[in-house]
Each structure stands twice: as C-alpha cells, then as structure tokens.
Amino acid sequence: MRIFIGVAWPYANGPIHLGHIVGAYLPADIFARYQRMKGNEVLMVSGSDEHGTPITITAEKEGKSPREIADRYHRINSEIMEKMGISFDLFFRTSHPHHAEVVKRFFLRLMERGYLYRDKMILPYCPNCKRFLPDRYVVGTCPYCGYEKARGDQCDNCGRTLDPKDLIDPKCAICGATPEFRESEHVFFALSKLEKRILEWLTDKVYWRDNVINFTRNFVKGGLKDRAITRDIEWGVEVPLPGFEKKRIYVWFDAVIGYLSASVEWSRITGKSWRAFWIDRNTKHYYFLGKDNIPFHTIIWPAMLMGYGELNLPYNVVANEYLRFSGEKFSKSRGIGVWMPELLSMFDPDVIRFYGTVNMPEHRDSDFTWDDFVQKVNEELVDKFGNFVHRALIFTYRHFGEVPKRHSLDALDEEALEKIKVTKEKMEEYLDKVELKKAFREWMELARFGNVYFDRKAPWALLKSDRERCETALNISLHIVKALAILGAPFLPFSAEKIWKYLGYDDSIFQHTWDESLTALPEGMKLREPKVLYTKIVREEESFDRWNLLDLRIAEIKEVKEHPNADQLYILTIDLGEESRTLVAGLKNYYPANELLGKKIVVVCNLEHANFRGVESQGMLLAGEDENTVAILTPQGDVKPGTRVQASGIYSEPPPVLKFKKFKKLKMEVVDIQDSKVIGSSEYRIEYPIPEEWKGKQGVVFLDKKPLLLHVGKVLISPEKRVKRGGKIR
RNA sequence: AGCGGGGUGGGGUAGCCAGGAAAUCCCGCCGGGCUCAUAACCCGGAGAUCGGUGGUUCAAAUCCACCCCCCGCUACCA
C-alpha cells in the first residue's frame, strides 16, 4: 500500500516552536516511520509557506525584502526539522518557481472546469501605503458595540464578523491613514458549487477524530460561500490571467497546492512517480495539522481537489489540539513558550520527542511545564526505559560480550515473548488509528515489563548458579531490548539507532521491518560497548542556591549509648538549645563513646527523620572523611548549642523538611584554608573576609553556585581531626 | 460575549463517544525485596461516595437535564 502524508506548512515568518512540532510534525513523522517499517511506500512532504501579507510586513519593518525573510525562516525551520529527525521526503517551499508552475496549472484547470470566476469587489485601499489592505489591517469602531479597536474582519469585543466597510472611522492598521474603498476585480473559487459533493464525501468519515469531524460538520452547516483567491499584493504566485499582473494568488490557495507541487518536485528529484501517490486509488492520504487548520484540509482543499478532478482526496485528516505553555498559549511577543532552537541546544531530539509524544494534545489541549518535562523525562524515559536497556546491555556485554544462547524456556520466558508479541499487536492497532499516545503507552509498558523480567530472573545470581538459564535470561532480555528498539523507532529514532549498534548490528535499524521485533537475535552476535542512553536532567534551580535547603546548627552531645541491635551505631542525645533530640550515628568504629561526650557538633536539623533498626534518628551529624579517617565537624571555639551555622556569612532559609535524596545531592568538602583561596579537591576562591586565625586551618566548603565556607560568626567549623583535603562530608 | 476544553485517591492523569462485576498510569506516602544497572529497579499496602442535584436503565465516572466551579482561545494561526 502507498501512504501519502501531508503536513501543514509552517509559515515562514518566524521559527517554529514546540507546539508546532508536537501538534503536527512529530505525529506525522512517527506515523511515517511506522508505515515505512511496515513495508508501505510512504511519501511525506511539507514546506515553508512563504507568501502573504504578514511576511511582507515583517520585511518592511526590518527593511528587507520578503524573499530575505522567507529565506531566513525557511533555512531555520528546515534545520529544525532535520535536527528533530522529521523524515520528510521533501521539505519544499512555496516561493520555488516549480511550485508556482504547479499552482498556475491547477488554477487554470479549475478555471477551465468552471470552478473559478471573476468578479468585482470593493476593498479598502490605503492611499498612504499605496496598497489594498487585508481586512484585518483595517481598524475602527465597531458599528454594533462601539468598541474602538475592532478589526475589519471581526470585532474583538462583541465577536461579530465584520466587513471593513462597516467600520466607523476606519484606519489603516499600518500607518493610521484613512483608507479609501476602491473597486478591484478578483478571481473567486466556487465553493458553493461543491458543497453537496463535500457533504457527501464527509458522510463516511466516521473514523476521523471527533474534533475534526465535529468542527467540519459545524463549518459546513452554515453553508459554503465562494471565496476570493486573489489579492492586491505583489508577493505571491502570479495570477495566470491577463489584467491581473498586479495581483497575486491568495496564500491559503497556493499553500495547500504545495502538497501537490512538493510531490511533483520530489518526483522530479528522485525520478519516482508522484502519480502513483496522487492518481492511483490504492493510496491513502493522511494530513497532519493543528486544529486551526482543520477547515482548509477538510473542506477547502478537498473541494479544490474535487474541482481539479482525478486526484486523491484526504483519507484522514489528523488534527491535534494545542500545546500550551504553563497554561498559556505560546506567544512570541509575550515571551511565552519554548522555541525549538533553544530546546535543541539543551536536549537531545529524542528527549524532546519523548515528551512531545507523552504530552501530545491528541484529544484536548495539553500543557507544557518545565516541572512536568523534567519529571517525565527523568522518571519514565531515563529511569524506566533508559535504565532497563542499559542494565540488560551492559550486563551481557561484560559477562558474555555477545548475544548468549537461548536454551529451554520456562514459563516466564514464554510470558516475555508473548508480551513482546502482544505489545507489537496493540501498538499496530493504535498506530493504524493514529492513536500515538496510546501506542506509546503500550511501548512504555513493555519497558516496564523488561525491568520486571530482569528482576525476576536475576541474571547476576544465575551467572554463578546456572549459566544456561542465565544465558537464556539475557538472550530474552536482549530480545526485549531489540523489540523496544524496533517498536520505539518511530518515536525515538535516534535512540533506536544507538541501541541497534550496541546490539551488534552494523546497518541501520530503519532497514529492518516492524515485524522483526518478533524474531530472536542471532546468537553469538558480538555486542558493542553500550553507553548510557540518556542522562537525567538537572534543574538549574537545583544547581545553585542549594544552601537554602540546609538547616545546620550547632549541638552538644549530652549522652552516648550503644545501639542495642546494631554494632556500628551510637544513639546520641543532643542539646540543640531549645530542644533535645536523638541522633543515630555510625561512629562506633571511629570514636569511643567517652570521647564524643560533651563534644560540640554540626547537625542537619531539617533532614527527614529516619529509622535505624528501630531507633528514630532526628537529624544527622556531619563529619568529614577520607579513605582512613572519619572526623566529626566541630566549631573551633565556644558556641552555644542551637546556634545556626552560616556559609560565608549567609544564614539559610531552609524548608521545614529536607528529603534525604535531595540532601545526598548537596556537596561539601574539607579544605585547607590559605587565605581567600582554599584548597579542596580543587582550588576555590571564597568571597568572604577570612580572619587571620582561620588561615592554615582546615575548614568546610559548601559547593553552591559559588563556594561557601561554613562558620558561626567568628568561629570556624572544622573537622575535629585532620582529614585529607577534598575529603567528603557525610 | 462567542467558541472550545476541563472538574476522577495528596498532585498530575487514563477511562467517558460504542454504559456492566476489583476505576488506569506517573509522582508522592507507608512497608518490604534486590544490588546487574544512570541512588536505578522490583514487590506489597493505605488512599477516590469519579464537581453537585435530579433523571433514563436490571446496571452510570460513562447517557440525558439543570446547576456550581476552573481554564484556554478569539488570529504572531500547531
């Protein structure tokens, strides 16, 4: 079967953002890659939509030509598509002369067949700008509600559709002059003639997404009106009629024809047949777009194709809702959103594709937030999928170096193979219906299963006890990895390709078919050393300003008891000034009890409490350590218990509870103090006046955005015994 | 105002169009396991009268009616 995929053409008036990618290009690409792996012939095209007034206006503002603007954004957007791995067969552009040829031919044929006609209309003309104004470039007072900033096409205040002529006191939106109304001749597309056929054609489109079919039916209900398809501007495709030299074909009309022109161009470049895709009925046409583009693809473009005759109509029009940014619409002027160049400079394309898929607005608007992005990527992509692939690959690589043999299978092994099969089938079912999120959910479930399988099999134990079963377990684990690679390839093409190489294949995964996910790996195939697929995203907020997480205070040890059920732990009772607390400390191997008694220590007071063999530790004391020593931290002078510790003079503003996980991420180390320069694992410069008496001593540095030195007023915090510089604090 | 989307355990969600026995997944929480792996992974548990009211039905988160909240968009067009 042949599949034609048309993706809405991005307007070349700015760089595309994540919403465009997630709304159209990514889903189209996933679908295209899937279809190719299924063995279908796919032609996927799109391109830059480069005509129209907005571009001429941008050009005027910047003192450039429209072509320069179009060139710039065509280049930028092409590059983004490329980097994101959107596998277009051709990403064309409407300013290309070959496009113009196709458009003109299309135009003339419609005219011959009686679907285009000429008529006169009265249009606003700005004598100052010396041009006709598009409706929305005329502003004035709404005749219905009196709103003063109504546009020529619609009033923002009362929502009524307007005609520029209706406006009271109309002005040119660009220069503010008062427009005149002049008569101008234009060409109209006889949509009304095709209304019946459109309605008929729509009747069997029950498999379209709800939003698409509902919107379309609603739109047609009001009746289809003929539309002018020419404009009085100079930037665009010329009208192939005498007397129209100063007019151009209207953007929407020329842009949709791009699907055809790009196919023809692709044919010219590759020598393959565009007719096979456009005229042969054994081809299904899919279109991917955002919801705002629905009527163009479900009514106008099909009507144009009907008028032209013989060309294939859309089989499915897949429109997504919007991706919002923290609850708001992406907006360049308001600085709301994430732009692709920025995003691509920070993350691998597959990371973006992953989140784009998981959060795809297939049926309703969805929301991009950085918190959600970081969480989903870290927990689902990196931890679940990435980690499974890595643990399976690296374990096998280290102990076998090749794909181990598959011996006899037990129930769990059979279950795993069945799981792969079921996953593949369910994914097919969903992908065929273009339910991408659901398909991906099945895939994630297989990754989760991989972890379960690996855990249940525990190959690290089998390695010693039963080598044959270990080999089988790994063989199956790698098969799951292979299946994940193939079934995940449409979604995460770059990762899939990497995994493919690690598994030992030399060619591209895209030379293989979807169905191969079910076939076992060749036994004995040499593996390549696997590298970690993704690294976790570290939030910027967490990389500095961490000092504010810690509530460090000085305490005095009042009592030292041995833990009844543990041989390395002491139970300490400490005085924190206002209160006393119990700490459990693993110091028995380093300090005799009597030596600790009465010592002043540094305690993390807001650390979440933890249970150590039945005793609750209500905090943690800090100590410096190297290979041989553990030395508790202590103030080098008399300090009252309960006193807050400062870092380079700063008191922290800590949260009430600090998670242990977060605490582990904080970095502190022992340093030798020279002057403002201190030396730990590397040299640090402390921005804090260092008193004479601290020099030559050991101190503790908290590594924040800038290194901070711990102290209490004039009293330095030091390890109680000498620790190697760079020693970690725990 | 118009158009559109939504209210489901602590947070975020799936399910709703094609009504049916234990309401999905991720996080968090509690308890346990494992130590191959990127401090990851696995198992178990607590926790939801599915916004409200009324209706249809043998049966409703799912259909209908009314009501109450929230949000987005209304043109830089995914």
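A quick note: this is a predicted structure, and the numbers were derived from the prediction, not measured. We use all heavy atoms of the structure for the numbers below, so side chains are in, but hydrogens, waters and symmetry mates are not.
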Nearest-Å distance for atom pair [atom1]/[atom2], residues [X] and [N]:
| X | N | atom1 | atom2 | answer |
| --- | --- | --- | --- | --- |
| A/Asn387 | B/C36 | CG | C1' | 10 Å |
| A/Tyr322 | B/G6 | OH | P | 16 Å |
| A/Met444 | B/U24 | CE | P | 18 Å |
| A/Glu380 | B/C25 | CD | P | 12 Å |
| A/Gln375 | B/G12 | CD | P | 12 Å |
| A/Phe395 | B/C41 | CZ | P | 18 Å |
| A/Lys291 | B/G5 | NZ | C1' | 7 Å |
| A/Glu379 | B/U38 | CD | P | 18 Å |

[N] - base-pair partner by Watson-Crick or wobble geometry, distances under 3.5 Å:
| N | value |
| --- | --- |
| B/G2 | B/C73 |
| B/U53 | B/A65 |
| B/U35 | none |

Options [options], nucleotide nearest the side-chain atoms of [X]:
| X | options | value |
| --- | --- | --- |
| A/Arg441 | B/C42, B/U38, B/C25 | B/C25 |
| A/Asp455 | B/C26, B/C41, B/G15 | B/C41 |
| A/Arg448 | B/C43, B/G15, B/U38 | B/C43 |
| A/Lys384 | B/C42, B/C36, B/C77 | B/C42 |
| A/Arg391 | B/C42, B/C36, B/U38 | B/C36 |
| A/Trp460 | B/C26, B/C77, B/C34 | B/C34 |

With A/Glu362, which of A/Lys438, A/Lys437, A/Arg209 fulfils salt bridge (charged side-chain N to carboxylate O under 4.0 Å, His left out)?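 Exactly one option meets the salt bridge (charged side-chain N to carboxylate O under 4.0 Å, His left out) with A/Glu362, and it is A/Arg209.
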Can you list the residues that meet the salt bridge (Lys or Arg N to Asp or Glu O under 4.0 Å) rule with A/Glu435, with sequence neighbours excluded? none
Listed partners of A/Lys457 passing salt bridge (Lys or Arg N to Asp or Glu O under 4.0 Å), at least two apart: A/Asp410, A/Asp413
So does A/Arg448 pair up with A/Glu380, basic N to acidic O under 4.0 Å?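 No.
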Ion pair check, A/Asp383 and A/Lys536, cut-off under 4.0 Å: yes
NA contact type, [X], heavy-atom cut-off 4.0 Å: base, sugar-phosphate, or nothing?
| X | answer |
| --- | --- |
| A/Phe388 | nothing |
| A/Leu463 | nothing |
| A/Val532 | base |

If I pick the C1' atom on B/G72 and the same atom on B/C36, what distance separates them, to the nearest angstrom?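 It works out to 48 Å between them.
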